[in-house]
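Per chain, numbering begins at 1; letters A, B, ... match sequence-line order.
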There are 2 protein chains.
Amino acid sequence: MAHGIDEVARVAGVSTATVSRALRGLPNVSDSTRERVRSVATQLGYVASPSAASLASGRTMTIGLLTPWVKHWFFANVIEGAERALQSEGFGALLYTFEISRNAPRRRVDPDVLRRRVDGILVVGLPLDPAEVAALVGLGHPMIFVGSGVEGQLTVRLDDLVTGRTATEHLIDLGHRRIGHISGAPDDVTPFSPPAARRRGWLEAMGAAGLSVEPTLEVHGHFDLDGGRDSMRQLLAQRPDVTAVFAASDEMAMGAILAVRELGLRVPQDVSVIGIDGHDLGELVGLTTMAHPAVEEGAAAAALLLTMIAGTSAPADLVYQTRLVRRSSTGPPREGVAHA
Amino acid sequence: MAHGIDEVARVAGVSTATVSRALRGLPNVSDSTRERVRSVATQLGYVASPSAASLASGRTMTIGLLTPWVKHWFFANVIEGAERALQSEGFGALLYTFEISRNAPRRRVDPDVLRRRVDGILVVGLPLDPAEVAALVGLGHPMIFVGSGVEGQLTVRLDDLVTGRTATEHLIDLGHRRIGHISGAPDDVTPFSPPAARRRGWLEAMGAAGLSVEPTLEVHGHFDLDGGRDSMRQLLAQRPDVTAVFAASDEMAMGAILAVRELGLRVPQDVSVIGIDGHDLGELVGLTTMAHPAVEEGAAAAALLLTMIAGTSAPADLVYQTRLVRRSSTGPPREGVAHA
DNA sequence: CTGTTAGCGCCTTCAG
DNA sequence: CTGAAGGCGCTAACAG
């Protein structure tokens, strides 16, 4: 059963050093020796102890995945893609959730739980404050942010600005002029913050079309279904004249649609709704959206992280474009009819 | 920065053994000593190396989470719950995905990747063959199955039989008599298989109501949105007279609804649809469903696994009941009208 | 209650 | 191309 490296060495008639080199594919081992060692190891069912290997080498072959949730679309998809990419390179994925709840403040990220436990860190959609980032950087491992970001840190993200602009332009092209925006927490003004950039895209498109943007046109809430619903209720309460809404995520958009329906209004006849993500279930409500490949983004982020760990490659941000998927939640506005 | 235990020991004026005991909360350390050690450790930023600790103790404080996907509702929720529970007990969650794809056969579970790397295993919705189970058992760690199962292994699951029966009875109570069933792979006849048990529930309810169940009333496909859609298309093609369908999962049910709509039919006027899960987005299509708390199930499974690792408690299966959530996807059948 | 002493199992120089 | 030997940093008896 639990054979050690020395047993393999003994049976193969070589030293433990050679076994180690042979099994890890290091150079300076003759083919014949390597082959013999391999077969003995297989026969004995030998697998190196990760703990012992880590202790001796300093490498853990493990990546820490930090995320607020795994149950939301973006996070689940990124995590799935990342795990797959890591797995194919022999790395493991250690998952850490830091729920962002409505009631309590988020638990702070404690770098100690990652200390000497991972070779790299993937932060998935988790907005960290500077102190947390500094603490993680202090761990001395490569780190990549996916779908959130921090000045000075490598990021895999969407072209949020263009995405926000394009989504808004789609509504403008359809003839809308009073276009609301619902998004995440308003206090998030990090430059790399997706919500902030998407909002800027909305502002730019509105401005370019000569449309005025009163503060009442935007509502900030939580980045999920209920958040979208709540925000939409508020938006329609304060601006019954909006004919279209750009939601910063598909889940929010779907919540918005529910809110519209609750009020006895129809999508898109009374209110058009567009989201961002390309959520698998968007089709259920005919959601028009700006789609992007979250699984692929996760895989790319993981691959990039591994090259950084390997020390090869000059790392650079990865920016994904989104693709407009037209469905039935957007359409031309009804002429001159307010639904107040 | 990276201080070792001996440095803490030196500064605190005790031995490394005492530092170890003090920091891990073991008995036989005076309060004053423990306090001093703690403060020194904090001051020095000392955290024990997991590798070294594992190597010396044989414990990894890590659980392996095996799952086909993380992006589907049940899996994401269970994983999230499990991670949270593990985290609160100081355990880490190592994620391993084994995608079940339409094209390729699933990659087999190789116990070697888990060897000496985890203290326990949580299998989430992943049907394993006997050889794989045996290999995992051979690792010598406690193992729990969530939402899938194998004879002789501890399981956390739904009362699938009752759930299937109740869902079907709901349709029968509404007046339906030709009730189809769409579910997962037909070759899965494991006794503990949720699809099989849910199907049995359907059969029992039909039988109890004196309704005949022709083979054409059931279609088996993939356990996701597209699988549900495909299955529903096929079902309606071969049985245009069905007035209601019981889908084995909400994602399948939502796919079924899409298929119904594609055919120009309406839910529930032409066809009623009920699913299982209580998916967060079920509300979008007014999906009637048998809801269950997947996050809680994941947390409970993790907690149970930890008690097994600790050696306390006599482990027993955990069986969750589901709750009928009536929404608009189910209603009485139209009288005597076939929609062929 | 605390210290001493062996390892835990592997990797990695350094020789040869 | 291969072997010898010293850690990696901690835990777990066993004394005291």
Rounded interatomic separation in angstrom, taking [atom1] from [X] and [atom2] from [N]:
| X | N | atom1 | atom2 | value |
| --- | --- | --- | --- | --- |
| B:Arg59 | D:dA12 | CZ | P | 5 Å |
| B:Leu26 | D:dC10 | CG | P | 15 Å |
| B:Leu55 | C:dC11 | CG | P | 11 Å |
| B:Ile5 | D:dA12 | CD1 | P | 11 Å |
| B:Leu23 | C:dT2 | CG | P | 14 Å |
| B:Arg116 | C:dC8 | CZ | P | 12 Å |
| A:Glu7 | C:dC8 | CD | P | 13 Å |
| B:Asn28 | D:dG16 | CG | P | 18 Å |

Is any side-chain N of the basic residue among B:Asp224 and B:Arg102 closer than 4.0 Å to the acidic one's carboxylate O?
yes

Answer yes or no: is there an ion pair linking A:Glu132 with A:Arg106, defined by an N-O contact shorter than 4.0 Å?
yes

Base, sugar-phosphate, or nothing for [X], non-hydrogen atoms under 4.0 angstrom?
| X | result |
| --- | --- |
| A:Ser51 | nothing |
| B:Arg34 | nothing |
| B:Arg21 | base |
| B:Val14 | sugar-phosphate |
| A:Ala48 | sugar-phosphate |
| B:Thr33 | sugar-phosphate |

Report the nucleotide, chosen from D:dG3, D:dT11, C:dC10, that has the shortest atom-to-atom distance to any side-chain atom of B:Arg24.
D:dT11

Consider the side chain of B:Tyr46, meaning its heavy atoms from C-beta on, and name the nucleotide among C:dT2, C:dC11, D:dC10 that approaches it most closely.
D:dC10

Short side-chain N/O contact to [N] OP1/OP2 from [X], under 4.0 Å:
| X | N | answer |
| --- | --- | --- |
| B:Arg115 | C:dG9 | no |
| B:Thr16 | D:dG9 | no |
| A:Ser20 | C:dC11 | yes |
| A:Arg117 | D:dG9 | no |
| B:Ser57 | D:dT11 | no |
| B:Ser49 | D:dG9 | no |

Before you tell me yes or no, could you show the steps for A:Arg34 and A:Ser30 under side chain to side chain donor-acceptor pair (under 3.5 Å), namely the whole-Å CA-CA distance, both residues' side-chain angles and the distance that decides it to 0.1 Å?
CA-CA 6 Å; A:Arg34 194 188 301 276; A:Ser30 75; over 6 Å; no

Let me spell it out: for each of A:Asp31 and A:Ala17, pick the nucleotide of DNA chain D with the closest heavy atom. Which residue's pick is nearer the 5' end?
A:Asp31

For the residue pair B:Trp73 and B:His292, is the inter-centroid distance of their aromatic rings smaller than 6.0 Å?
yes

If you compare all heavy atoms of A:Ser49 against all heavy atoms of B:Leu55, which two are closest, and at what distance to 0.1 Å?
OG-CD1, 4.5 Å

Sole candidate of B:Tyr96, B:Phe74, B:Phe75 that passes ring-ring contact (aromatic ring centres under 6.0 Å, His included) when paired with B:Trp69
B:Phe75

